[in-house]
Visitor: 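Below is one structure. I have some questions about it.
So you know, we letter chains A, B, ... as the sequences are listed, proteins then strands, and number each from 1.
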Number of protein chains: 2
Amino acid sequence: MEQLPNMRLTTQRQIILEELGKVTSHPTANEVYDMVRKRLPRIGLGTVYRNLELMADSGIILKLEVGGTQKRFDATVAPHYHVRCTFCGKVDDIDIEVQNKINQIAETASDYMILGHHIEFSGMCPRCSEEKKATSLH
Amino acid sequence: MEQLPNMRLTTQRQIILEELGKVTSHPTANEVYDMVRKRLPRIGLGTVYRNLELMADSGIILKLEVGGTQKRFDATVAPHYHVRCTFCGKVDDIDIEVQNKINQIAETASDYMILGHHIEFSGMCPRCSEEKKATSLH
DNA sequence: TTGGTAAATGGGATATTGTTTCATTTAATA
DNA sequence: TATTAAATGAAACAATATCCCATTTACCAA
């Protein structure tokens, strides 16, 4: 596992990273906890939070603070955008070109030092679209 | 106050909206609660949350679910972007042109029905820049 | 202008999400 | 393999948000 100096390679960390890598669903900390607990039933929720934060800080994974109240995590660290279903809260990737130039534009328009950006689309996922169609039929 | 049918014009609602309109700082629900309590000391926190959500749902105000764990609210409903200071959490407006065309691009690239988007820049606010400069001097 | 009525409130309980503490365990390494 | 600091598990705690329900209040019809 890629890591920072003084960061030990524990079983817990390995398995958290492995499980996160298996899914594309941008799980919350609690969802990761559930996934990991199937393999390490005695792991603590604190350990999961601690490690997700640590790995996000060191750039091994991505922390998403998107719509909804919960943080979500993503094993794909390359810059990319997301879409969030307004109805069920599901988060998926949006595979379009990253708009690097808007950082410059934003920097000019503000007194912040701009370090990056994230685009979050909102929409309706296929599943919710289906359900809505079904409901409106009667 | 602009409102939905069956939505009563209560003192609490008016004052919440007035206080939110006074600031450009995108306050959290708790910050709004503090502001409003100066004029209505007996208002409940639940009332503040309830009304902010209600007003956001009806489009009177904007609910921001940006970085950080808390929801933030904005009296300006016209589409615009935000920047969040990675160091202190402050949120400000970024006054650049809204990229309407990327909704189409995103819709083509996914199986969601795209309804909108929001861009959140991350950066360092002037205040934190100053502080960092001061710290690194000795 | 009042009286009826459903919406809204206050305040506390509860739920949800995330963080901290500390005694114990464990990975790294000398 | 003994040492030691980092990491863990478990539970307490903190922060944020929602719910419940008896009481109050805005609105409307007469």
Visitor: Would you call R72(A) and V91(A) a side-chain contact if the rule is heavy atoms closer than 4.5 Å?
Guide: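 Counting from C-beta outward, R72(A) and V91(A) do come under 4.5 Å.
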Visitor: Could you give the CZ-to-P distance, from R13(B) to dC27(D), as a whole number of Å?
Guide: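 Atom CZ in R13(B) sits about 9 Å away from atom P in dC27(D).
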Visitor: Would you mind reading off the distance between I16(A) atom CD1 and dA7(D) atom P, rounded to a whole angstrom?
Guide: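 Spelled out: CD1 on I16(A) to P on dA7(D) is 12 Å.
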Visitor: Can you find a heavy atom in the side chain of K90(A) that is under 4.5 Å from one in the side chain of R84(A)?
Guide: no
Visitor: Starting at CG of L40(A) and ending at P of dA10(D), how long is that distance when rounded to a whole Å?
Guide: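 Rounded to whole Å, this separation is 12 Å.
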Visitor: How would you label the contact of T47(A) with the nucleic acid (heavy atoms, under 4.0 Å): base, sugar-phosphate, or nothing?
Guide: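 The residue T47(A) makes base contact.
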Visitor: Is a side-chain N or O of E19(B) found less than 3.5 angstrom from the main chain of L17(B), in a donor-acceptor match?
Guide: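 No, the answer is negative, given that no donor and acceptor are paired below the 3.5 Å cut-off.
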Visitor: Say whether, by atom type as modelled, one donor and one acceptor occur between the side chain of T86(A) and the main chain of G123(A) under 3.5 angstrom.
Guide: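 Answer holds: yes.
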Visitor: Of the candidate nucleotides dG18(C), dA17(D), dG11(C), which contains the atom at the shortest distance from the side chain of R42(B)?
Guide: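 From the listed options, dG11(C) comes nearest.
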Visitor: Hey, does N30(B) reach any base, or is it just sugar-phosphate, or nothing, if we go heavy atoms under 4.0 Å?
Guide: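 Since no nucleic acid heavy atom lies under 4.0 Å of N30(B), the category is nothing.
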Visitor: From C-beta outward on Y49(B), which listed nucleotide comes closest to its side chain: dA6(D), dA26(D), dA17(D)?
Guide: dA17(D)
Visitor: Between atom CD in Q12(A) and atom P in dA7(D), what is the gap in whole Å?
Guide: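 Computing the Q12(A):CD to dA7(D):P distance gives 11 Å.
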Visitor: Rounding to a whole Å, what distance do you find between L9(A):CG and dA5(D):C1'?
Guide: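 Result: 16 Å.
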Visitor: Take atom CD of E53(B) and atom C1' of dA17(D), then tell me their distance rounded to the nearest Å.
Guide: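 My rounded result for the distance is 9 Å.
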Visitor: Nearest whole Å is fine: how far is dT16(C) P from Q70(B) CD?
Guide: 19 Å
Visitor: Using atom CG of L45(A) as one end and atom C1' of dA11(D) as the other, report the distance to the nearest whole Å.
Guide: 12 Å
Visitor: Taking for each residue the nucleotide of DNA chain D with the nearest heavy atom, is it R50(B) or G44(A) whose nucleotide lies nearer the 5' end?
Guide: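 Counting from the 5' end, the first nearest nucleotide belongs to G44(A).
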